[in-house]
Asker: 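First, the structure itself, so that you have it in front of you.
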Amino acid sequence: QVQLVESGGGLVQPGGSLRLSCAASGSIVSINDMRWYRQAPGKERELVADITSYGSTNYADSVKGRFTISRVNAENTVYLQMNSLKPEDTAVYYCNADVRLVSRAYVASWGHGTLVTVSS
């Protein structure tokens, strides 16, 4: 009932920047927290950043000061601005959202991911 679609990934050199986008669609009444996770090959998926419906944010220590999460509630969209990228940031980045549906069900939805590669 809910679709999350990420975009904006790609290849970038160390020190460069990328902006990821995630748009949610479907039978949505409202969205509470929205999050970005990432997963590198052979590693566990980790939480990168979280943002509440009113804009409160949290970041993993590894990205604090370099990444910024933001959202536009009217568009059901969340962004991740990534600056000063490092090779260790290379991963598939996934969007996650806590969604209230028209049916009154409450679900956690996931996108299919977008690949970010940081390499010279």
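Residue indices begin at 1 and follow the sequence shown. None of these values were measured; they are calculated from a predicted model.
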Asker: Tell me whether Gln39 contacts the main-chain N or O of Val92 through its side chain, where contact means a donor paired with an acceptor under 3.5 Å.
Answerer: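 No.
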
Asker: Which atom pair, heavy atoms only, marks the closest approach of Val116 to Gly9?
Answerer: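 Distance-wise, the nearest heavy atoms are CG2-CA, 4.2 Å.
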
Asker: For Glu44, does the CD atom sit with more than 12 other heavy atoms under 6.0 Å from it, leaving out its own atoms?
Answerer: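 Counting neighbours around CD of Glu44, 12 or fewer heavy atoms of other residues, nucleotides or ligands fall under 6.0 Å, so no.
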
Asker: Quick one: pull up CG in Leu47 and CZ in Arg35 and give me the separation to the nearest 0.5 Å.
Answerer: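 Going from CG on Leu47 over to CZ on Arg35, the span is 7.5 Å.
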
Asker: Check the pair Asn83 / Ser17 against side-chain hydrogen bond (donor to acceptor under 3.5 Å, both in side chains), numbers first and verdict last.
Answerer: CA-CA 4 Å; Asn83 299 326; Ser17 298; 2.9 Å; yes

Asker: Do other residues, nucleotides or ligands put more than 12 heavy atoms under 6.0 Å from the CD atom of Gln3?
Answerer: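 Atom CD in Gln3 is not packed in, count stays at 12 or less.
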
Asker: Show, in sequence, the C-alpha distance, side-chain angles and deciding distance for Tyr59 and Thr68, and conclude whether the side-chain contact (heavy atoms from CB on, under 4.5 Å) test is met.
Answerer: CA-CA 8 Å; Tyr59 299 92; Thr68 302; 3.8 Å; yes

Asker: If you take all heavy atoms of Ile69 and Val78, which pair is closest and at what distance?
Answerer: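 Distance-wise, the nearest heavy atoms are CG1-CG2, 3.8 Å.
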
Asker: When rounded to the nearest 0.5 angstrom, what is the spacing between CD in Gln13 and OG in Ser119?
Answerer: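 If I round to the nearest 0.5 Å, the distance is 8.5 Å.
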
Asker: In this structure, is the centre-to-centre distance between the rings of Tyr37 and Trp110 below 6.0 Å?
Answerer: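 Between Trp110 and Tyr37, the centre distance is under 6.0 Å.
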
Asker: Can a donor-acceptor pair be found between the side chains of Tyr106 and Asn32 at a distance below 3.5 Å?
Answerer: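 Checked: Tyr106/Asn32 side chains pair up, N/O donor to acceptor below 3.5 Å.
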
Asker: Tell me the closest heavy-atom pair linking Asn96 and Ala108, and the distance in Å.
Answerer: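 Where Asn96 meets Ala108 most closely, the heavy atoms are ND2-CB, 4.3 Å.
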
Asker: With heavy-atom distances below 4.5 Å as the criterion, would you say the side chains of Pro14 and Ser120 are in contact?
Answerer: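 Pro14 vs Ser120: side chains touch.
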
Asker: Examine the side chains of Tyr93 and Arg38 and answer whether a donor and an acceptor come within less than 3.5 Å of each other.
Answerer: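 Yes - a donor-acceptor pair under 3.5 Å links their side chains.
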
Asker: Is Leu101 close to Val2 at the side-chain level, that is, under 4.5 Å between some pair of heavy atoms?
Answerer: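 They are in contact (side-chain heavy atoms under 4.5 Å apart), so the answer is yes.
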
Asker: Judged by atom type as modelled, is there a donor-acceptor pair below 3.5 Å linking the side chain of Thr90 to the main-chain atoms of Thr117?
Answerer: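 No.
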
Asker: Check whether any side-chain heavy atom of Arg100 lies under 4.5 Å from a side-chain heavy atom of Ile28, and answer yes or no.
Answerer: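 Contact flag for Arg100/Ile28 side chains = no.
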
Asker: Between CE of Met34 and CG of Asn73, what distance do you get to the nearest 0.5 Å?
Answerer: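 Here the interatomic distance stands at 8.5 Å.
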
Asker: So, Glu6 side chain and Cys95 main chain: donor-acceptor pair closer than 3.5 Å or not?
Answerer: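 Such a contact is found between Glu6 side chain and Cys95 backbone.
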
Asker: Would you say Trp36 and Leu85 are hydrophobically clustered, going by side-chain heavy atoms of ILVMFWY under 4.5 Å?
Answerer: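 The answer is yes; both residues are in one hydrophobic cluster.
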
Asker: If we ignore hydrogens and angles and just use 3.5 Å, is the side chain of Ser21 paired with the main-chain N or O of Ser7 as donor and acceptor?
Answerer: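 Side chain of Ser21 to backbone of Ser7, a donor-acceptor pair under 3.5 Å: no, none is there.
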
Asker: Taking NZ, NE, NH1 and NH2 as the nitrogens, is one of them in Asp61 or Lys64 under 4.0 Å from a carboxylate oxygen of the other?
Answerer: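 Salt bridge: yes.
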
Asker: With a 3.5 Å distance limit and no angle check, can you tell me whether Thr77 reaches the backbone of Glu75 through a side-chain donor-acceptor pair?
Answerer: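 Yes: the side chain of Thr77 pairs with the backbone of Glu75.
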
Asker: So, taking the atom named CG in Asp50 and the one named CG in Asn58, what distance separates them when rounded to the nearest 0.5 Å?
Answerer: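 Nearest 0.5 Å value for the CG-CG distance: 6.0 Å.
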
Asker: So, for Leu18 and Gly8, which heavy atoms are closest and what is the spacing to 0.1 Å?
Answerer: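 Reported closest heavy-atom pair: CD2-O, 3.9 Å.
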
Asker: Do you know which two heavy atoms are closest between Ala91 and Leu115, and how far apart they sit?
Answerer: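 Heavy atoms of Ala91 and Leu115 come nearest at O-CD1, 3.6 Å.
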
Asker: Check whether Ile31 and Tyr94 end up in the same hydrophobic cluster, where Ile, Leu, Val, Met, Phe, Trp and Tyr are linked by side-chain heavy atoms less than 4.5 Å apart.
Answerer: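 They do not share one cluster, since no chain of ILVMFWY contacts under 4.5 Å joins Ile31 to Tyr94.
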
Asker: With a 4.5 Å cut-off on side-chain heavy-atom distances among I, L, V, M, F, W and Y, is there a chain of contacts connecting Ile51 to Tyr79?
Answerer: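 Ile51 does not cluster with Tyr79.
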
Asker: Looking at Asp89 and Ser84, what are the two nearest heavy atoms and their distance?
Answerer: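 In terms of heavy atoms, the two residues are closest at OD2-O, 4.5 Å.
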
Asker: For the atom pair SG (Cys22) and CG (Leu4), what is the distance rounded to the nearest 0.5 Å?
Answerer: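 The CG atom of Leu4 is 4.0 Å from SG of Cys22, to the nearest 0.5 Å.
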
Asker: Does Ser62 offer a backbone N or O that forms a donor-acceptor pair with the side chain of Arg66 under 3.5 Å?
Answerer: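 Confirmed, Arg66 side chain pairs with Ser62 backbone.
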
